[in-house]
Amino acid sequence: RPTRALVPIAIVLATSAALAVGSRAQEGGFTETFDDPTLPGWERTPNAIVADGVLRIQGEGYAIRPEAQVSGGLILRLRFEGDGFLEVRYRISEAGMYILRLSPGEVALVRDAGGRQVTLASAPSNLVVGEWWLLEMSLAGAEQHVFVVPGVELHTADDEPLSGAGLMLH
């Protein structure tokens with residue numbers, strides 16, 4: 001069974017991608033530095049731990065911030081530490097959620113509504129195990145732009161955009 005490993009060293013959530021990082025927290029977003037091992041504001045499994053400013057999630061573990069408003073954007077710095085894939089789930093509600101699924105061979109943006117998953121956009125990737133890379137998402141209503149450095153860009157417009165709060169790293 002493939003394992004999942006997620007290692008963000010910093011998370012920035014913003015209400016508007018156009019605002020400067022310092023202004024984001026004032027506009028309702030937040031910056032997570034992972035400097036507190038208790039992860040205040042997050043729910044997590046025992047195999048999601050913080051050490052030395054890094055959140056490590058192994059196997060089927062996860063960390064979720066239920067009240068996070070991912071309405072304008074998201075910036076993550078990530079690294080795979082083993083085989084498998086990573087998921088960033090956001091706009092979580094009873095109606096559904098969005099899932100950004102990242103693997104060494106593909107990046108896919110999925111809409112999960114009522115248990116029915118539809119791929120909105122996907123692209124091949126060349127993400128390398130053990131190397132850090134940058135994920136930047138810009139969200140504006142129905143429009144979603146995903147940039148993964150190195151070299152992946154996704155764009156989609158959802159005809160029936162999901163609303164909701166929450167950010168889950170899985």
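P40 meets the side chain to side chain contact (heavy atoms under 4.5 Å, CB included) test with D36, T38; sequence neighbours excluded. Scored by the side chain to side chain contact (heavy atoms under 4.5 Å, CB included) test, A165 finds Q69 as partners (sequence neighbours excluded). By the side chain to side chain contact (heavy atoms under 4.5 Å, CB included) test, E143 is found to be paired with H145, H155, A157, residues two or more places apart in sequence or in another chain being considered. Under the rule for a side chain to side chain contact (heavy atoms under 4.5 Å, CB included), the partners of V50 that lie at least two apart in sequence or sit in another chain are F34, L39, L55. Partners of T45 under the side chain to side chain donor-acceptor pair (under 3.5 Å) rule, at least two apart in sequence or in another chain, are N47. Listed by chain and number, the residues in a salt bridge (charged side-chain N to carboxylate O under 4.0 Å, His left out) with R44 amount to none (sequence neighbours excluded). Every residue two or more places apart in sequence or in another chain was checked for a side chain to side chain donor-acceptor pair (under 3.5 Å) with D52, and none qualifies. Residues meeting the salt bridge (charged side-chain N to carboxylate O under 4.0 Å, His left out) test with D158, sequence neighbours left out: R111. Partners of E106 according to the side chain to side chain donor-acceptor pair (under 3.5 Å) rule, which considers only residues two or more places apart in sequence or in another chain, do not exist here.
Counting heavy atoms from C-beta on, the side chains of W133 and V152 never come closer than 4.5 Å. In this structure, the side chains of V148 and L134 stay at 4.5 Å or more apart for every pair of heavy atoms. V129 is not listed as a side-chain neighbour of E131, based on a closest heavy-atom distance of 4.5 Å or more. Between L127 and F85, every side-chain heavy-atom pair lies at or beyond the 4.5 Å cut-off. Side-chain contact between S138 and Q144 is absent, with no heavy-atom pair separated by less than 4.5 Å. Side chains of L109 and T119 form no contact here, defined as non-hydrogen atoms less than 4.5 Å apart.
Taking CG of L135 as the start and CG of L100 as the end, the distance is 5.5 Å to the nearest 0.5 Å. For the atom pair R56 CZ and I49 CD1, the distance stands at 7.0 Å (nearest 0.5 Å). Expressed to the nearest 0.5 Å, how far CH2 of W132 lies from CZ of R79 amounts to 4.5 Å.
For residues 86-105, the set of pairs meeting the ring pair (Phe, Tyr, Trp, His ring centres under 6.0 Å) definition, not counting sequence neighbours, comprises Y90-Y98.
Of all the heavy atoms in S125 and V107, the pair that sits closest is CB-CG2, 3.8 Å. Between S122 and L154, the closest heavy-atom pair is C-CD2, 3.5 Å. Of all non-hydrogen atoms in R101 and E87, the two that sit nearest each other are NE-OE2, 2.7 Å. The shortest non-hydrogen separation linking I57 to A63 is CD1-N, 3.9 Å. Residue S103 comes nearest to F80 through the heavy atom pair CA-CZ, 3.6 Å, listed as atom of the first residue, atom of the second, then distance.
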Check against salt bridge (Lys or Arg N to Asp or Glu O under 4.0 Å), E67 and R65: CA-CA 6 Å; E67 303 303 318; R65 188 163 179 138; over 6 Å; no

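Checked by atom type and distance alone, the side chain of S93 pairs as donor or acceptor with a backbone atom of A95 at under 3.5 Å.
Clustering of Ile, Leu, Val, Met, Phe, Trp and Tyr by side-chain heavy atoms under 4.5 Å joins M97 with Y62, I64, I92, I99, V110, M168.
Both L120 and L102 sit in one connected hydrophobic cluster of ILVMFWY residues. Membership requires side-chain heavy atoms under 4.5 Å apart, directly or through other members.
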